[in-house]
Amino acid sequence: MSQAKVTDAQLMADRSKFLKNGDTVGITCVPFSGGQPKGGVDDGPIEMIRFGILDQIQGMGYQIELSEGMDKYRTMQPASDPPIGNMKNPRYVGMAARRVAEQVQSHCKQGRLAVTLGGDHSIAMGTLAGSSSVYGSDMCVVWVDAHADINTPSSTDSGNLHGCPLSFVLGLCDKDEVPANSPFEWIKPCIRKNRLVYIGLRDVDAAEKVILRKHGIRAFSMHDVDKHGIGRVVEMALDHVNPDRSRPIHMSFDVDALDPSVAPATGTPVRGGLTFREGHYICEAVAETGCLVALDLVEVNPLLGDPESLRQTVAVGCSLVRSSLGESLL
Ligand SMILES: NC(=[NH2+])NCCC[C@H](N)C(=O)O
Ligand SMILES: [Mn+2]
Ligand SMILES: [Mn+2]
């Protein structure tokens with residue numbers, strides 16, 4: 001009795017509405033921590049690789065294309081990088097994100113599913129610039145996070161750019177916040193406000209709430225998850241940005257969306273987050289649409305906490321990636 005071997009990769013490639021090489025995953029590792037003050041988040045990608053993420057993805061039947069030169073993200077830090085206004089490490093963040101954009105763009109151009117392993121969330125300026133340069137402004141963004149990461153250069157209290165990536169790609173910054181010689185000048189508004197949706201929010205700055213309200217950006221907080229259940233929340237979120245499931249999706253998953261009991265090793269943990277299953281459900285439901293073209297998995301910080309916290313967080317990061325690649329589809 002012989003049966004043709006049907007892999008997860010084949011099922012996902014058949015299901016994919018946009019990827020011409022849907023059985024190939026283009027992986028970009030970004031060992032970068034310049035968007036926030038805590039060292040260690042730059043070791044996120046290498047710890048996920050040590051844990052076996054590449055073998056796991058290959059084991060699902062995918063081909064892997066790995067972006068070159070991940071060490072360059074560490075060596076490209078400028079010798080001098082004084083704050084611009086409130087923004088910390090602005091040149092480093094701007095340069096790193098620009099390189100991320102090129103690497104993600106190249107995977108997307110080749111029709112591969114672009115998976116980016118961070119690194120702190122400031123790198124999403126790059127991932128979104130890269131994917132949207134190929135898929136255009138019809139692409140929608142599912143942002144899974146405890147935080148809104150939509151501060152502008154002038155609204156940010158902390159000055160940490162991992163709290164700001166969305167304001168750049170949405171074009172919410174004033175001209176004087178991104179002047180002609182700014183490290184962020186290369187970022188063009190590329191994501192539409194009505195194509196962005198959040199899931200998991202529970203720690204949003206006052207200034208960010210003003211921004212969300214002003215621009216009518218749809219957000220499903222943990223309150224909504226409690227009220228409606230994760231199944232309904234994901235359905236409502238997708239209905240908002242992608243009612244016919246006919247648009248490409250870029251999902252940006254900050255591991256701190258999960259409850260700290262599930263993902264403790266992260267820089268800005270917030271109590272009351274998604275359970276293990278709720279986090280995975282989101283990934284599975286997005287995989288099921290056949291619309292996923294790019295995925296970020298960020299903010300795993302192996303230096304925070306004891307060895308067991310580290311193992312647990314790295315393991316859950318890898319398993320969220322696998323679920324997004326269709327591991328649990330039958
Ligand atoms: N990607 C993150 N973990 N972001 C946390 C941001 C926290 C806070 N809103 C800030 O702007 O500083
Ligand atoms: Mn976060
Ligand atoms: Mn984030």
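Read the numbers this way: they start at 1 and go in the same order the structure lists the ligands and their atoms.
Between D23 and R112 no salt bridge is recorded (no basic side-chain N to carboxylate O distance below 4.0 Å).
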With side-chain contact (heavy atoms from CB on, under 4.5 Å) as the criterion, how do R195 and R247 come out once you've worked through the C-alpha distance, each side chain's angles and the decisive distance to 0.1 Å? CA-CA 10 Å; R195 295 277 195 281; R247 296 172 179 151; 3.4 Å; yes

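Legend: residues meeting ring pair (Phe, Tyr, Trp, His ring centres under 6.0 Å) with H280, ordered by chain and number and at least two apart, are F276.
The aromatic rings of F18 and Y135 lie perpendicular to each other, with more than 60° between the two planes, well past the 30° mark.
Using a distance-only test at 3.5 Å, with no hydrogens or angles considered, a donor-acceptor pair links the side chain of R202 to the main chain of A257.
Of all protein N/O/S atoms, those lying under 2.8 Å from the Mn ion (ligand 3) come to 4.
Counting non-hydrogen atoms of other residues, nucleotides and ligands closer than 6.0 Å to CD of E68 gives a total of 12 or fewer. Residue H215 places its NE2 atom among more than 12 non-hydrogen atoms of other residues, nucleotides or ligands, all under 6.0 Å distant.
Listed by chain and number, residues touching ligand 1 at under 4.0 Å (heavy atoms only) are H121, H147, D149, N151, S158, H162, G163, D205, E208, D254, D256, T268, E299.
Residues I49 and V316 share a single hydrophobic cluster, defined by chaining ILVMFWY side chains whose heavy atoms lie under 4.5 Å apart.
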Quiz: residues 55-65 side-chain donor-acceptor pairs under 3.5 angstrom, not counting sequence neighbours:
unit_1 : atom_1 : unit_2 : atom_2 : d
Q56    : OE1    : R322   : NH1    : 2.7
Q56    : NE2    : F51    : O      : 3.2
Y62    : OH     : L325   : O      : 2.7

